[in-house]
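To start, the structure under review is shown below, and the notes come after it.
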4 protein chains.
Amino acid sequence: MARPRSADKRSSILSGALHTIASQGPSVSTAVIAQAAGVSNGSLFTYFETKADLLNTLYLDLKAEMAGAALKGLPTDRELREQLQFMWAHWLHWATSSPEKRRTLAHLDVSDEITAESRKTAHEMMAGIARLLEASRAHGPMQDMPLAFVLALLSALADTTTDFILRDPAKADEHCEAGFNALWRMLT
Amino acid sequence: MARPRSADKRSSILSGALHTIASQGPSVSTAVIAQAAGVSNGSLFTYFETKADLLNTLYLDLKAEMAGAALKGLPTDRELREQLQFMWAHWLHWATSSPEKRRTLAHLDVSDEITAESRKTAHEMMAGIARLLEASRAHGPMQDMPLAFVLALLSALADTTTDFILRDPAKADEHCEAGFNALWRMLT
Amino acid sequence: MARPRSADKRSSILSGALHTIASQGPSVSTAVIAQAAGVSNGSLFTYFETKADLLNTLYLDLKAEMAGAALKGLPTDRELREQLQFMWAHWLHWATSSPEKRRTLAHLDVSDEITAESRKTAHEMMAGIARLLEASRAHGPMQDMPLAFVLALLSALADTTTDFILRDPAKADEHCEAGFNALWRMLT
Amino acid sequence: MARPRSADKRSSILSGALHTIASQGPSVSTAVIAQAAGVSNGSLFTYFETKADLLNTLYLDLKAEMAGAALKGLPTDRELREQLQFMWAHWLHWATSSPEKRRTLAHLDVSDEITAESRKTAHEMMAGIARLLEASRAHGPMQDMPLAFVLALLSALADTTTDFILRDPAKADEHCEAGFNALWRMLT
DNA sequence: AATGAATGAGGTTTCATTCAT
DNA sequence: CATGAATGAAACCTCATTCAT
């Protein structure tokens, strides 16, 4: 496996892609990405076979980071509601404190360069969140819906709430709580 | 008088754009759009000044159609809940029976070719829906949230529900109802 | 000979071409010319077979007008020097008082749409001027040069002088005289 | 280090532009220029940012070459008249022995792609010639004219003379001398 | 391995000319 | 005859990817 030497350079490229895609969308040229990474045009292609490869990698990295952030430190000994709220708050915190990453993720989510396989892998990264959600909806009105449906709703709610927090950061806590309450009412 | 500008040809182009964007995203070339419309490359530009112009027009057409479909025949003499449910059902019906239009709309919604003005106009087209939602949340737990927030939640829920109906059309009614109940629990 | 009906429309087109070429060069589109003429796109082509045809016609019209202006009222009973000076003054007067025509003529003179035949015809229109010049140089130092050479020098001098008059109109008379004196010194 | 930008290729492109513009005018497509240079369509744009950039560069190169040729080896210890004649002869020699360059320069001189700045730079390149001319006309009848006017006359004379030499090369020396004598009579 | 020049297909838009009305 | 929509061939420039250095 011919892994290229410098991990630094690899992550520089990912970081360059992150910044430039956040502001210009996934149609930024590889030249611009390379420049933002402080790397040569051609080097980009020794670390990533194609532009699509780079995009998919970045997509998965960000998804993993997001899922990790949402679950890190989860107080598994507490009540379910508390655990879910913890996850919710951490999700929103990650999203609102990394607006560039979130923006890039949003761009990539609708890009047709992202393969079905990547989307599947990303879905699997949400397993921890899914488990929590599964338990939360177990005895409520959504117990018979496909779990994927409930997960999608959660995602949509989190995303919408994030939008409004970013628009009016002063009310971050308020919106966060209101969003969670809405979610909880939906589930139980 | 010369050959008049043909309304047919204009809508052929819009329709060509609809089909091709649905499957290939808004980056389809104008040449492909023209071909899909059965029109010459150059003709596209006698009906739309630029590609962006075409995209914005299509966007507004679709938004208007969607909003219209959701509210057409609204039984204003019934209970609020019933009205909201009517709107919900018609929205979903439009979205699930016009999957190409919905897909194109989703593409355009995140395209940076759509101007702020178009987005504003599109927002205004949702006024009727907004009014209904305003009344529905008036006395419930979301009464103090920005209406735009609640509207965004509605949109996200509708969109997610549509996804699942398309994935499993046999359960259309079931999903439709479940989605509405979730919405109603959120609002009241 | 199917001469189109309206002479008015024909000259409108020529006039539209005059104005637009003066300001935008001979690469103006036929659509812009037609618009400036208050005529439809297509009509231009019933009066002139091609754009090149229009350009050549305009070229010859302007050349003829210029040559005519230079010689009109020539006092054939006066001394040769006086006649030449009369012609010189009238040439400059035409050029400086019709700057748009002169500018268009300059554009057309270097355009590759103007055919060799047009250039030849234009040359023939200068016959009157040439005759005057021929007489003027007859006994001087340029008596053995090709007449065309002397004519070209005259043209170049007139053109350069016109440039400077337009740049500083207050000194029109002064420049006119200085230019003529230079010419006369060259010839005699 | 990567493959360095090749000076050869750059001058191939300039040379391709020179040949094609000489015969087809400045409206030749970049594709044709690239082909004439034996270079790919896209490569042209790694050496010149835009077509206008290429045109302006070529313009200045040619102007510099012309001015250089006119003054190279100027016998500054000789009489003024002799110096001026030397410059005149070398100018004509360059122009008549590089007819393609001269033709291209004539095309570019009237092209609206050439910027005001380029024209200014080109003007400055004529400083040496201007100085010589200034001295030559100092005590003669043109002493009070703007120097730019006299310079323009010189240019026009040289250009016209060149035309006639190219038309009848056998009489090159004769025309060259006749032209110079005409110039000298004008100046003194 | 790193660099950036080389490539040529492809994108949007313009335009002279034709032709339906 | 007048009109202006229709056409499709360019035009300039960008870009992902390859490859010489």
Side-chain angles (χ1 to χ4, degrees), chain A residues 2-6 9-10 27-35 38-55 113, chain B residues 1-6 8-10 27-35 38-54 113, chain C residues 2-6 9 27-35 38-55 113, chain D residues 1-6 9-10 27-35 38-54 113:
Chain A
R3 181 107 60 87
R5 182 93 47 67
S6 160
K9 201 160 280 194
R10 204 185 110 100
S27 62
V28 256
S29 70
T30 53
V32 168
I33 294 175
Q35 191 176 29
V39 163
S40 84
N41 198 349
S43 270
L44 191 152
F45 289 90
T46 91
Y47 290 89
F48 300 92
E49 283 195 13
T50 62
K51 185 186 182 182
D53 181 20
L54 166 60
L55 260 33
E113 303 272 28
Chain B
M1 206 92 47
R3 179 180 348 187
R5 258 218 265 260
S6 141
D8 263 16
K9 198 156 286 190
R10 200 186 114 102
S27 62
V28 254
S29 72
T30 53
V32 168
I33 293 175
Q35 192 175 29
V39 162
S40 85
N41 204 335
S43 270
L44 191 151
F45 291 91
T46 89
Y47 288 87
F48 301 93
E49 285 197 10
T50 61
K51 185 185 183 185
D53 182 20
L54 167 59
E113 301 273 30
Chain C
R3 181 108 60 88
R5 183 93 48 67
S6 158
K9 201 160 283 193
S27 61
V28 257
S29 70
T30 53
V32 168
I33 293 175
Q35 190 176 30
V39 163
S40 83
N41 198 348
S43 270
L44 190 153
F45 289 90
T46 89
Y47 289 87
F48 300 92
E49 284 196 14
T50 63
K51 186 187 182 182
D53 181 21
L54 166 59
L55 260 34
E113 303 271 29
Chain D
M1 204 88 50
R3 178 181 348 187
R5 247 208 266 252
S6 139
K9 198 157 285 192
R10 200 186 114 100
S27 62
V28 255
S29 71
T30 53
V32 168
I33 293 175
Q35 193 175 27
V39 162
S40 85
N41 205 333
S43 270
L44 190 153
F45 291 93
T46 88
Y47 288 88
F48 301 93
E49 284 197 12
T50 62
K51 185 187 182 184
D53 182 20
L54 166 59
E113 302 273 29

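Computed from heavy atoms alone, side chains included, the values below leave out hydrogens, waters and symmetry copies. We name chains A, B, ... by the order of the sequence lines, and we start the count at 1 in each one.
The NZ atom of Lys9(C) sits 11.5 Å away from atom CG of Leu44(C), with the distance rounded to the nearest 0.5 Å.
The nearest whole Å value for the distance from the CZ atom in Arg10(A) to the P atom in dA1(E) is 15 Å. Atom P of nucleotide dC19(F) and atom CD of Glu49(A) are separated by 14 Å, given to the nearest angstrom. Protein atom CZ of Arg5(D) is 19 Å distant from nucleotide atom P of dA20(F), rounded to whole Å. Regarding Phe48(D), its CZ atom lies at a distance of 16 Å from the P atom of dT14(F), rounded to whole Å. Separating the CG atom of Leu44(B) from the C1' atom of dA6(F) is a distance of 12 Å, rounded to the nearest angstrom. In this structure, the CZ atom of Phe45(C) is 16 Å from the C1' atom of dC1(F), given to the nearest Å. Between Ile33(A) atom CD1 and dT3(E) atom P the separation is 16 Å, expressed in whole Å. When rounded to the nearest whole Å, the span between NZ of Lys51(C) and P of dT14(E) equals 15 Å.
Projected onto DNA chain F by closest heavy-atom contact, Gly38(B) and Val32(A) fall at different nucleotides, the more 5' of which corresponds to Gly38(B). Where Gly42(D) and Pro4(B) each meet DNA chain F at their nearest nucleotide, the meeting point lying more 5' is that of Pro4(B). In terms of position on DNA chain E, the residue among Ala31(C) and Val39(D) whose nearest nucleotide sits closer to the 5' end is Val39(D).
Contact annotation: Ser43(C) side-chain N/O to dG4(F) OP1/OP2 distance is not under 4.0 Å. Taking only side-chain nitrogens and oxygens, Thr30(D) comes nearer than 4.0 Å to OP1 or OP2 of dC12(F). Residue Arg3(B) places no side-chain N or O under 4.0 Å from the OP1 or OP2 atom of dG4(F). An OP1 or OP2 oxygen of dC1(F) is reached within less than 4.0 angstrom by no side-chain nitrogen or oxygen of Tyr47(C). Phosphate contact (OP1/OP2 of dA2(E), side-chain N/O of Lys9(A), threshold under 4.0 Å): present.
Two residues are said to be in side-chain contact when any heavy atoms from C-beta on lie closer than 4.5 Å; Thr30(A) and Phe45(A) meet this criterion.
Among dA2(E), dG11(E), dG4(F), the nucleotide with an atom closest to any side-chain atom of Thr46(A) is dA2(E). Nearest nucleotide to the Ser40(C) side chain, out of dC15(F), dG11(E), dG4(F): dG4(F). Looking at the side chain of Asn41(A), the nearest of the listed nucleotides dG4(E), dG8(F), dC12(F) is dG4(E).
For Tyr47(B) (side chain) and Ser6(B) (main-chain N/O), a donor-acceptor pair under 3.5 Å exists by modelled atom type. Judged by distance alone, the side chain of Arg10(D) and the main-chain N or O of Arg5(D) form no donor-acceptor pair under 3.5 Å.
The strand DNA chain F forms stems, runs of 3 or more Watson-Crick or G-U wobble pairs with distances below 3.5 Å, at E:2-21 with F:2-21.
Ser6(D) comes within 4.0 angstrom of nothing in the nucleic acid, heavy atoms only. Contacts of Thr50(A) with the nucleic acid, taken as non-hydrogen atoms under 4.0 Å apart, involve only primed sugar atoms and P, OP1 or OP2.
Here the closest non-hydrogen pair linking Lys51(B) and Val28(B) is NZ-O, 2.8 Å. A pairwise comparison of heavy atoms in Asn41(D) and Ala31(D) identifies ND2-CB, 4.0 Å as the closest pair. Across all non-hydrogen atoms, the minimal contact from Ala52(B) to Glu113(B) is CB-OE1, 3.9 Å.
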